[in-house]
Amino acid sequence: MALFVVSGPPGAGKRTLLAKAQESLAASTPKGCPELVFKEVGVAADLFDGVREELEVGRRVVLLGLGSAMFPEALERFGAVASVYLLNITAPTVVLEERRQIAHKEKRRRVEADSGSAAESIEASGPHVITILNAASVGEGAARVEGAITDTMKCTLWLVPPTTSRCDVVARAEIERLSRSNGMRPFPPHITLSPSFHFGQARAVELTRQVAAALSPISIRFVGVAHSCAIFKAIALTAEASEALVHASQAAKRIVGAEKAFDPHLSLLYGDFSEDARCKIAEELSTSLQLQSFDHIAKAYPRWS
């Protein structure tokens, strides 16, 4: 049993993704998903009216209309009888602004009437928070929601530079510059440690903590700029496959139970570009970037965003 309190900034598409996820779940089984209950908060004196009864019979409850401000109360009231999560559905800032402008222009209404504020939703983090970035198609976003509420999320472990490090500052700036100039959306700098695996939030958190506990600080050194036809490493910095870094990947793969060849890199640009375009960008970066600016000491610790 679990309770998912839905939150997110105006324009993130919360209702759209939830409706699509419901539709998909109903179509996937002859009788739908009776163990899942979708509720929207009304004007009842008790905003959690009927939630405990649903949880006590083993159901998963998805609750829309509260926002993140009410999450602490939900955790306090139901944490002893169910797993309680904040399902934070958001989108990149640029996308949110575009959607708000479209809503104001076409529908002449205030999207701000939607639950949750942009600031508190975007900053939400922690092991109880599941963040869905609605930046692709409705189907992809709904699939992420469906995975979250049915314990079949697609998860991947990242090794991220410390937020106070020079690498984090320089890498974020370069990723944002390249993404903006090539019409793509930016992403956090990271080195992928493990192949994707599918679990619920609780199991994913447990495995992440196990991996973090198994690793020592790792010296990360970058040795060149590369390009690839793979969308998620169109332009990337190649990391030296040191013994410590290879061991970290092996430990992560062993703990999560997934296997894939390890290609240590830090992507700077995602997307599907021609080989000529990729070559040009890579050549420019090879002469303009100081690779030592990206070197850092990585310390593995659980982090959720």
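Nothing fancy with the numbering, it's 1 onward along the sequence.
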Subject >> Stepwise side-chain contact (heavy atoms from CB on, under 4.5 Å) check, L159 with I220 >> reply: CA-CA 10 Å; L159 197 61; I220 307 294; 4.2 Å; yes
For a quick test of reading the model, state the closest non-hydrogen atom pair linking [X] to [Y] and the distance between them.
| X | Y | value |
| --- | --- | --- |
| A214 | H247 | O-NE2, 4.3 Å |
| G271 | M184 | CA-CE, 3.7 Å |
| P264 | L245 | CB-CD2, 3.7 Å |
| I89 | A12 | O-CB, 3.2 Å |
| N134 | G13 | ND2-CA, 4.0 Å |
| I132 | A148 | CD1-CB, 4.4 Å |

Can you find a heavy atom in the side chain of [X] that is under 4.5 Å from one in the side chain of [Y]?
| X | Y | value |
| --- | --- | --- |
| L285 | E174 | yes |
| F262 | T192 | no |
| N182 | F273 | yes |
| C155 | H198 | no |
| R209 | P127 | yes |
| E240 | F222 | no |
| D263 | K233 | yes |
| V256 | L157 | yes |

Examine distances only and state if a side-chain atom of [X] and a backbone atom of [Y] form a donor-acceptor pair shorter than 3.5 Å.
| X | Y | value |
| --- | --- | --- |
| R185 | A135 | yes |
| S249 | L193 | yes |
| K253 | P195 | no |
| K154 | F197 | no |
| S7 | G67 | no |
| R221 | A239 | no |
| D168 | T164 | no |

Original post:
So I175 and L269, side-chain contact (heavy atoms from CB on, under 4.5 Å) or not? Walk me through it.
Top reply: CA-CA 6 Å; I175 289 169; L269 178 65; over 6 Å; no
State plainly whether the residues [X] and [Y] are in salt-bridge range, i.e. N to O under 4.0 Å.
| X | Y | answer |
| --- | --- | --- |
| K280 | E283 | no |
| E146 | K20 | no |
| D295 | R166 | no |
| K39 | D49 | no |
| E275 | R278 | no |
| R172 | E176 | no |
| E54 | R59 | yes |

Original post:
Are the aromatic ring centres of F71 and Y85 under 6.0 angstrom apart?
Top reply: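 No, the ring of F71 stays outside the 6.0 Å limit from the ring of Y85, centre to centre.
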For the atom pair [atom1] ([X]) and [atom2] ([Y]), what is the distance rounded to the nearest 0.5 Å?
| X | Y | atom1 | atom2 | answer |
| --- | --- | --- | --- | --- |
| M1 | E56 | CE | CD | 8.5 Å |
| I235 | C279 | CD1 | SG | 8.5 Å |
| E259 | S194 | CD | OG | 10.5 Å |
| F78 | R52 | CZ | CZ | 5.5 Å |
| H296 | S219 | NE2 | OG | 9.0 Å |

**OP:** Walk me through it: do L289 and L268 pass the test side-chain contact (heavy atoms from CB on, under 4.5 Å)?
**Re:** CA-CA 12 Å; L289 290 183; L268 295 177; 4.1 Å; yes
With hydrophobic residues grouped by side-chain heavy-atom distances under 4.5 Å, do [X] and [Y] end up in a single group?
| X | Y | value |
| --- | --- | --- |
| I281 | F232 | yes |
| V170 | V223 | no |
| L25 | L17 | yes |
| V81 | L86 | yes |
| F187 | I191 | yes |

Subject >> Mutual orientation of the aromatic rings belonging to Y270 and H190 [parallel < 30°, tilted 30-60°, perpendicular > 60°] >> reply: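 Perpendicular: the ring planes of Y270 and H190 meet at over 60°.
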**OP:** With sequence neighbours excluded, tell me which residues meet ring-ring contact (aromatic ring centres under 6.0 Å, His included) with F38.
**Re:**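 With neighbours one apart ignored, the set is empty.
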Subject >> side-chain contact (heavy atoms from CB on, under 4.5 Å) partner of L87, chosen from T131, V129, I149, L3 >> reply: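 Output: one option passes, namely I149.
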Subject >> Steps toward salt bridge (Lys or Arg N to Asp or Glu O under 4.0 Å) verdict (R203, D151) >> reply: CA-CA 9 Å; R203 181 60 175 159; D151 281 354; over 6 Å; no
Original post:
Do other residues, nucleotides or ligands put more than 12 heavy atoms under 6.0 Å from the CD atom of E243?
Top reply: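 No, CD of E243 has 12 or fewer neighbouring heavy atoms, counting only those of other groups under 6.0 Å.
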Original post:
Are L64 and R15 close enough, and set up right, to give a side-chain contact (heavy atoms from CB on, under 4.5 Å), and what steps lead you there?
Top reply: CA-CA 8 Å; L64 177 64; R15 287 182 172 82; 3.5 Å; yes
Subject >> Partners passing side-chain contact (heavy atoms from CB on, under 4.5 Å) against E76 (at least two apart in sequence or in another chain) >> reply: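 For E76, no residue satisfies side-chain contact (heavy atoms from CB on, under 4.5 Å) once neighbours in sequence are set aside.
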